[in-house]
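The first residue in the sequence is number 1, and the count goes up from there. The figures here come from the full heavy-atom set of this structure, side chains too, leaving out hydrogens, waters and symmetry mates.
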Amino acid sequence: NVLTCAMAAANARRKYRAVLLGEPGVGKSTLFATVLSLKMTAGRQDESGSRIQTPHREGQKMEVNYSIDVGDTGVMFCLCDTGGVERFRTITRNYYVGSAVNILIYNSHRKGTLDGLASYVRDGNETVPDATKVLVGNVYGAQDPGGQAVEAADVDKFAKEHFISDNLRFELSINVEEDVKQLFQTIAEHLVGGGLRPSTNEINLSGSGAIDPASCCLCC
């Protein structure tokens, strides 16, 4: 259906590649799985205006297209999960290429995971200095008896050192669907409101100049 395809492409005019980053065990793949388990049918729109398309693996990367509406503007995230390759920095650096949003995840019960994000920020700044940084504290899971919990002052200090906006700092349960949907809604509103240009590595429909929403993650 040509009309349906045209409408889908119009909704995908703003496309942003987003990468999940953080130390092993902080919950990157859990957040990714929560996006996959959102209460909607693949490729169909639900009452909230959110859409999700079937995930696929490009090389060793797990990726999924996730779209959400900000007013009349459609925003598509090409979400990439780096879970399982964190220790191979030469590999993880490849994930930054073309990224517009770097989602930095730490475990709220383990201060070391917040401190460890500094190296991911440095890698991101070297590769995509203009990418938007989002800081997410994962409160899901039991507290580590031998660990040190993250304090508000720790988060403030980290955010100021790395120039992360106050409205892009979150603390949530990454296995709760409503929390995750609100996370991406807020990020989308920030991107649209701030006028950040969409990712340039777009795959276009032949001759149309429109973005093929089903092909977003092929660029990751």
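Within the structure, the salt bridge (Lys or Arg N to Asp or Glu O under 4.0 Å) test picks out the following pairs touching residues 111-121 (sequence neighbours left out): Lys111-Asp115.
In this structure Gln182 satisfies the side-chain hydrogen bond (donor to acceptor under 3.5 Å, both in side chains) test together with Thr186, sequence neighbours excluded. Residues that satisfy the side-chain hydrogen bond (donor to acceptor under 3.5 Å, both in side chains) test with Asn167, not counting sequence neighbours, are His190. For Phe158, the ring pair (Phe, Tyr, Trp, His ring centres under 6.0 Å) test picks out His162, with sequence neighbours left out. With sequence neighbours left out, the side-chain hydrogen bond (donor to acceptor under 3.5 Å, both in side chains) criterion links Asn175 to no other residue. For Glu126, there are no salt bridge (charged side-chain N to carboxylate O under 4.0 Å, His left out) partners at least two apart in sequence or on another chain. Ser108 is linked by a side-chain hydrogen bond (donor to acceptor under 3.5 Å, both in side chains) to Glu171, counting only residues two or more places apart in sequence or in another chain. With sequence neighbours excluded, no residue forms a side chain to side chain contact (heavy atoms under 4.5 Å, CB included) with Ala33.
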For this session: Assess whether side chain to side chain contact (heavy atoms under 4.5 Å, CB included) is satisfied between Val134 and Asn102, documenting all intermediate values.
Result: CA-CA 6 Å; Val134 179; Asn102 292 335; over 6 Å; no

Exercise. When you look at Val70 and Gln185, which way does the side chain to side chain contact (heavy atoms under 4.5 Å, CB included) test go after all the steps?
Worked result: CA-CA 8 Å; Val70 178; Gln185 181 71 45; 4.1 Å; yes

Problem set entry | Val121 vs Asn125, side chain to side chain contact (heavy atoms under 4.5 Å, CB included): CA-CA, chis, key distance, verdict | CA-CA 6 Å; Val121 173; Asn125 287 342; 3.5 Å; yes

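A donor atom on one side chain and an acceptor atom on the other are found under 3.5 Å apart for Arg14 and Tyr16. Side-chain polar atoms of Ser29 and Asp81 form a donor-acceptor pair below 3.5 angstrom.
For Asn107 (side chain) and His109 (main-chain N/O), a donor-acceptor pair under 3.5 Å exists by modelled atom type. Side-chain atoms of Ser119 come within 3.5 Å of backbone N or O of Gly116 as a donor-acceptor pair. Of the possible donor and acceptor atoms, none in the side chain of Lys133 sits under 3.5 Å from a partner among the backbone N and O of Ser165. Checked by atom type and distance alone, the side chain of Arg110 never pairs as donor or acceptor with a backbone atom of Val26 at under 3.5 Å. With hydrogens and angles ignored, the 3.5 Å screen pairs no side-chain donor or acceptor of Tyr66 with any backbone N or O of Phe77.
Atom CZ in Phe32 sits 13.0 Å away from atom CD1 in Ile174 (nearest 0.5 Å). The CG atom of Leu172 lies 6.0 Å from the CG atom of Leu183; values are rounded to the nearest 0.5 Å. Cys80 contributes atom SG, which lies 8.0 Å from atom CG of Leu20 (distance to the nearest 0.5 angstrom). For the atom pair OH (Tyr106) and OG1 (Thr113), the distance works out to 8.0 Å, reported to the nearest 0.5 Å. With rounding to the nearest 0.5 Å, the separation of CG in Asp123 from CG in Leu21 is 9.0 Å. The CG atom of Leu117 lies 11.0 Å from the CZ atom of Arg122; values are rounded to the nearest 0.5 Å.
Electrostatic pairing of Glu161 and Lys157 counts as a salt bridge here, judged by a charged N lying under 4.0 Å from a carboxylate O.
Paired with Val101 under the rule side-chain contact (heavy atoms from CB on, under 4.5 Å), one option of Leu79, Leu168, Val128, Leu191 passes, and it is Leu191.
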